[in-house]
There are 2 protein chains.
Amino acid sequence: MEVKTLCLGVLNLGAASGYEIKKKFEDSPVGDFMEASYGSIYPALTKLTEEGLVTCEAQAQEGRPDKKVYSITEKGKAAFVSAMSVSPSEDKYRSEFAFMMLFADLLAPHQVSHLIDLQILRYRQKQVEERFQLLPPESRSAQFLEGYGQAVFAAAIKYLEENRHLVEARPNGKTQTAAAATKEAATA
Amino acid sequence: MEVKTLCLGVLNLGAASGYEIKKKFEDSPVGDFMEASYGSIYPALTKLTEEGLVTCEAQAQEGRPDKKVYSITEKGKAAFVSAMSVSPSEDKYRSEFAFMMLFADLLAPHQVSHLIDLQILRYRQKQVEERFQLLPPESRSAQFLEGYGQAVFAAAIKYLEENRHLVEARPNGKTQTAAAATKEAATA
DNA sequence: GGGCCTATATATCGGTCTGATAGAGACAGG
DNA sequence: CCTGTCTCTATCAGACCGATATATAGGCCC
């Protein structure tokens, strides 16, 4: 899914500037599933304007640069509905933390524990994070999305708490060196 | 995390060609959390060789182009351990499906149901997918990683099944057209 | 008042990564 | 025999991220 499509989606819910589009991703539950940087939002809005899918109205402001408020056109709405009709690509869960856990035996035990603590903390913060709603709170779509994220976060926390011993425990209670690992592999 | 680091990690578990590195991501549980394309793996291996972090040995093969088997050096191992010592970036869960659900009211009801069916099916396939292990199956790291992915998949499926009615149900039981949506918004 | 952080707001840019594509022989199935 | 799948390397356009620049207002601490 291109950033152009993401922008059309947000603008479909109401006019906004490039800055506001970014903020909406950061501060609403959509941000758990999709994001975009300024470096892709601004060029996308320019292209969308050229293609006639959005219109731009510059609002003069004191001090700050003009606020360019973008609105979706009928043509833009049609393009968005059309983009929503193609099959979505598969979900991607990217986690450097998980990758690092594969190599837990290269790290000192306290480092592993610290990483897991940090990971759980991050998920807990996501659970309590206050967010404004992109759609009205009573919207079923918004509820569905919010709950989807929360369900995944809760599952991750639960798993980490219940299974952290797998990577924290040491077979013989001492730090595993490269030499020890080789020896172990040989006997296995 | 750069692709160079991902390659070092895989090579740390055993020598491999660029092709094999890609396959290992696809066919093992690590692929649930990290991935890389050929377009980034091959240049990464070239750079790693230049930097002396890996060595390359070309094995002549009948018919096929030479198989370039890369092995990690001591310098490479040190670099990898060093890379594992920096704090991981936050997990990212990217889902076009979730984004589309925000706009469920723009889609025909049967399309929404179809999307959810497809999503559940994809997760079920991930649950039963046969994978070879990057590390020996009895490795606790491998178990931890495999379980982490499975826990998240299971939670996603459970949530989708229990809450799909939120986006499938219609307030008045009829297909919502653009005109109907406008009318509804006016009365709300 | 000075220093500093945060927020609003647009915009650019180097470097990185993806996804598609190409080429080329092997090997299996219909 | 032909088509598809597999192994293997490799490239490239286009998309995207993260950092940075610029400029101003407002709040906070000392």
Side-chain angles (χ1 to χ4, degrees), chain A residues 1-8 10 15-27 31 33-51 54 56-70 83 86-92 94 96 99 132, chain B residues 1-8 10 15-27 31 33-51 54 56-70 83 86-92 94 96 99 132:
Chain A
M1 181 124 51
E2 288 179 40
V3 174
K4 283 201 286 177
T5 311
L6 298 180
C7 289
L8 281 181
V10 174
S17 65
Y19 180 77
E20 286 166 347
I21 290 173
K22 179 100 202 295
K23 287 279 159 278
K24 286 185 183 192
F25 275 109
E26 284 171 7
D27 305 339
F33 302 105
M34 283 290 164
E35 245 193 307
S37 66
Y38 291 126
S40 53
I41 290 174
Y42 284 111
L45 288 172
T46 305
K47 276 183 201 167
L48 286 171
T49 308
E50 286 168 9
E51 294 168 15
V54 304
C56 173
E57 196 189 348
Q59 291 180 351
Q61 293 196 136
E62 301 157 37
R64 278 182 272 276
D66 284 7
K67 187 174 175 178
K68 293 186 190 169
V69 179
Y70 294 86
V86 304
S87 195
S89 66
E90 273 206 40
D91 288 15
K92 286 184 184 176
R94 290 296 105 111
E96 293 192 359
F99 180 77
F132 79 90
Chain B
M1 184 125 49
E2 288 178 40
V3 175
K4 283 201 286 179
T5 311
L6 298 180
C7 289
L8 281 181
V10 174
S17 65
Y19 180 77
E20 286 166 347
I21 290 174
K22 179 99 204 293
K23 287 280 157 279
K24 285 185 183 192
F25 275 109
E26 284 171 8
D27 304 340
F33 302 105
M34 283 291 163
E35 242 192 309
S37 65
Y38 290 126
S40 54
I41 289 175
Y42 284 112
L45 288 172
T46 305
K47 277 183 198 167
L48 287 171
T49 308
E50 286 168 8
E51 294 167 16
V54 304
C56 173
E57 197 189 348
Q59 292 181 352
Q61 294 195 134
E62 300 156 37
R64 277 183 273 276
D66 284 8
K67 187 174 173 178
K68 294 186 190 170
V69 179
Y70 294 87
V86 304
S87 194
S89 66
E90 274 204 39
D91 289 13
K92 286 183 185 177
R94 289 297 104 111
E96 294 192 359
F99 180 77
F132 78 91

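Letters go in sequence order (proteins before strands), and every chain restarts at 1.
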Whole-Å distance, A:Glu26 CD to C:dA9 C1', equals 14 Å

Rounded to whole Å, the NZ-P distance (A:Lys24 to C:dA9) equals 12 Å

- Are any of the side-chain heavy atoms of B:Leu45 and B:Ile41 separated by less than 4.5 Å? yes

Does a nitrogen or oxygen in the side chain of A:Lys22 sit under 4.0 Å from OP1 or OP2 of C:dT10? no

Atom NZ of A:Lys67 and atom C1' of C:dA7 are separated, to the nearest Å, by 13 Å

Overall bend of the helix from C:dG1-D:dC30 to C:dG30-D:dC1 (five pairs an end, 10° steps) is 40°

Of the candidates C:dT8, C:dA9, D:dT9, the side chain of B:Tyr19 sits closest to D:dT9

With B for base contact, S for sugar-phosphate-only contact and - for none (protein heavy atoms under 4.0 Å), nucleotides 14-22 of chain D reads -SSBB----

So does A:Ser17 get a side-chain nitrogen or oxygen closer than 4.0 Å to the phosphate oxygens (OP1/OP2) of C:dT8?
no

Separation between CE (A:Met1) and CE (A:Met34), nearest 0.5 Å, reads 4.5 Å

**Item:** Carboxylate-amine/guanidinium contact A:Glu35 B:Lys92, below 4.0 Å
**Value:** no

NZ (A:Lys24) and CG (A:Leu6) are apart, to the nearest 0.5 Å, by 14.0 Å

Sorted by chain and number, sequence neighbours left out, salt bridge (charged side-chain N to carboxylate O under 4.0 Å, His left out) with B:Glu90 holds for none

Value for CZ (A:Phe33) from CG (A:Asp91), rounded to nearest 0.5 Å, stands at 8.0 Å

At under 4.0 Å, does any side-chain N or O of A:Lys23 touch on OP1 or OP2 of C:dA9? no

Rounded to whole Å, CD of A:Glu20 lies from C1' of C:dT8 at a distance of 10 Å

When rounded to whole Å, the OH to C1' distance for the pair B:Tyr42 and C:dA20 reads 15 Å

Pair B:Glu26 + B:Lys22: basic N to acidic O under 4.0 Å: yes

- Would you say A:Ile21 and A:Phe25 make side-chain contact, with heavy atoms under 4.5 Å? yes

dist B:Ser17:OG -> B:Lys67:NZ (nearest 0.5 Å) comes out at 5.0 Å

When rounded to whole Å, the CG to C1' distance for the pair B:Leu45 and D:dC8 reads 13 Å

